[in-house]
Number of protein chains: 2
Amino acid sequence: MAGAHTLAETERQVNERLAGMTIDFKAMAITSNLFRAATAVRNHLERTVLAPHGLSWTAFVVLWVVWIWEPIETRQIAEEGGFSKATLTGVLSTLESRKLAVRKKSKDDGRLVLVELTPAGRKLMQELFPEFNQQEQFVANAVDASNRDDAAEVLRRITKNIEENA
Amino acid sequence: MAGAHTLAETERQVNERLAGMTIDFKAMAITSNLFRAATAVRNHLERTVLAPHGLSWTAFVVLWVVWIWEPIETRQIAEEGGFSKATLTGVLSTLESRKLAVRKKSKDDGRLVLVELTPAGRKLMQELFPEFNQQEQFVANAVDASNRDDAAEVLRRITKNIEENA
DNA sequence: ACAAAATCGTTTGGTTGCTAACAATCTCAA
DNA sequence: TTGAGATTGTTAGCAACCAAACGATTTTGT
């Protein structure tokens with residue numbers, strides 16, 4: 001899936017292990033390289049941008065989503081960020097304790113909680129996001145400029161296929 | 001980064017939010033689609049294959065690595081899987097308690113722990129992995145057959161760029 | 001109008017994730 | 001040979017992660 005051995009080495013060893021089975025190595029290469037790349041990129045962004053600001057990946061995603069769409073309901077943040085409402089409860093508590101975000105009860109629906117950034121939270125995002133985008137550029141540099149739209153499109157198709165056919 | 005809004009909607013809203021800042025939207029599209037795809041694929045594989053067998057993603061990765069390379073040292077498993085030795089300690093405890101893997105002290109170096117699968121662990125992987133690969137095929141179907149090597153190569157380049165230049 | 005069903009965010013319990021610290025063990029340099 | 005330095009897996013403490021359960025609220029169907 002990731003690490004120390006190359007995919008070729010893994011393939012050879014898998015062949016030994018799975019004598020007689022039919023394995024689609026091209027499909028395996030797509031998924032394992034997808035995870036490798038996503039992990040490497042995430043680690044890189046965490047190390048270079050988020051950790052110096054004391055933020056976890058998820059805390060950053062929450063801050064980003066709230067920053068772009070505030071005020072926003074917690075269920076929407078969870079959906080946008082791709083994690084559960086239960087997880088969001090914990091992360092929001094952390095962000096509230098750090099005075100970066102606040103929860104407000106919805107006036108229209110007694111079940112809902114709305115989230116906004118504090119001025120400190122907004123200031124942090126204004127400072128942080130250009131750095132983040134700069135490192136996104138570093139990441140994207142590995143892809144030919146003429147190929148970036150295609151690369152993004154392939155990834156988009158992978159996601160869409162799952163959302164529509166799974 | 002993920003979720004309910006399209007990237008175009010996000011881009012529009014970001015433009016409003018970030019009036020005056022220079023944002024590389026192509027780079028952003030690469031990274032955000034990478035995370036979306038990796039999350040979608042991982043969730044899909046977890047839901048269709050791993051959860052029915054009561055396995056977490058990381059437990060599966062550990063089982064896979066041990067299955068392919070056993071007997072293997074714990075530090076190698078952690079490196080191969082891309083997580084910390086501390087995390088592995090917890091996951092191995094879970095797998096041992098489920099009688100899928102065993103730890104053995106190394107004869108050559110008193111610090112090392114070697115891991116092997118139990119017969120039940122091997123049986124599970126033999127049953128599980130073809131299912132997993134089948135869903136990998138489902139995932140890869142979103143990519144044109146003529147384009148799969150290129151797609152894997154782009155992802156490989158993204159990872160390599162970070163490993164070599166960060 | 002009213003009860004059942006659905007939805008919400010939080011809590012609970014268990015697991016995964018990390019860093020830092022630690023004891024045990026090995027390696028290296030003097 | 002011996003002590004310093006490096007490496008190992010585990011522990012401790014904290015945060016993130018989930019599903020299930022829960023109380024509060026809203027929606028739906030009769």
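Chain identifiers are assigned alphabetically (A, B, ...) following the order of the sequence lines, protein sequences preceding nucleic acid strands; residue numbering begins at 1 within each chain.
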>> Take a 6.0 Å sphere around NZ of A:Lys105 and say whether it holds more than 12 heavy atoms from other residues, nucleotides or ligands.
In response: yes
> B:Leu92 CG to D:dT11 P: how many Å, rounded?
Replying inline: 12 Å
>> Could you work out, with salt bridge (charged side-chain N to carboxylate O under 4.0 Å, His left out) as the rule, every residue matching B:Asp149, not counting sequence neighbours?
In response: A:Lys26
> Can you name the residues that form a side-chain hydrogen bond (donor to acceptor under 3.5 Å, both in side chains) with B:Gln13, not counting sequence neighbours?
Replying inline: none
I'd like a table of atom pairs between the protein and nucleotides 17-19 of chain D - only N or O on both sides, under 3.5 Å - with the distance next to each one.
from   : atom 1 : to      : atom 2 : distance (Å)
D:dC17 : OP1    : A:Thr58 : OG1    : 2.8
D:dC17 : OP2    : A:Thr58 : OG1    : 2.6
D:dC18 : OP2    : A:Ser84 : N      : 2.9
D:dC18 : OP2    : A:Ser84 : OG     : 2.7
D:dC18 : OP2    : A:Thr87 : OG1    : 2.3

> By salt bridge (charged side-chain N to carboxylate O under 4.0 Å, His left out), which residues pair with B:Arg42, not counting sequence neighbours?
Replying inline: B:Glu46
>> Using the salt bridge (charged side-chain N to carboxylate O under 4.0 Å, His left out) criterion, which residues pair with A:Arg148? Sequence neighbours excluded.
In response: none
> Centroid-to-centroid, A:Phe83 to A:Trp57, below 6.0 Å?
Replying inline: no
>> Between B:Thr94 and B:Ser97, do the side chains contain a donor N or O and an acceptor N or O under 3.5 Å apart?
In response: no
> Among all residues two or more places apart in sequence or in another chain, which pass the side-chain hydrogen bond (donor to acceptor under 3.5 Å, both in side chains) test with A:Asp24?
Replying inline: B:Gln137
> Residues two or more places apart in sequence or in another chain: which of them pass salt bridge (charged side-chain N to carboxylate O under 4.0 Å, His left out) with A:Arg98?
Replying inline: none
>> It should be established whether A:Ser56 places a side-chain nitrogen or oxygen under 4.0 Å from OP1 or OP2 of nucleotide D:dA16.
In response: yes
> What nucleic acid atoms does B:Thr89 come within less than 4.0 Å of, heavy atoms only: base, sugar-phosphate, or nothing?
Replying inline: base
> Just the endpoints, please: which first and last nucleotides of DNA chain C, 5' to 3', lie under 4.0 Å from a heavy atom of chain B?
Replying inline: C:dT16 to C:dC26
> Got a sec, which pairs hit salt bridge (charged side-chain N to carboxylate O under 4.0 Å, His left out) with one end in residues 110-121 of chain A, sequence neighbours left out?
Replying inline: A:Lys104-A:Glu116, A:Asp109-A:Arg111
> Looking at DNA chain D, which of residues 97-117 of chain A put a heavy atom within less than 4.0 Å of it?
Replying inline: A:Asp109, A:Gly110, A:Arg111
>> To the closest 0.5 Å, what do you measure between CZ (A:Arg75) and CG (A:Leu114)?
In response: 9.5 Å
> Please, which pairs that meet side-chain hydrogen bond (donor to acceptor under 3.5 Å, both in side chains) have at least one residue in residues 119-130 of chain B, sequence neighbours excluded?
Replying inline: B:Glu70-B:Arg122
> Would a line drawn from the ring center of B:Trp64 to the ring center of B:Phe129 be shorter than 6.0 Å?
Replying inline: yes
>> Using five base pairs at each end to define the local axes, how bent is the helix from C:dA1-D:dT30 to C:dA30-D:dT1, to the nearest 10°?
In response: 20°
> Between A:Leu95 (CG) and D:dA15 (P), how many Å, whole number?
Replying inline: 12 Å
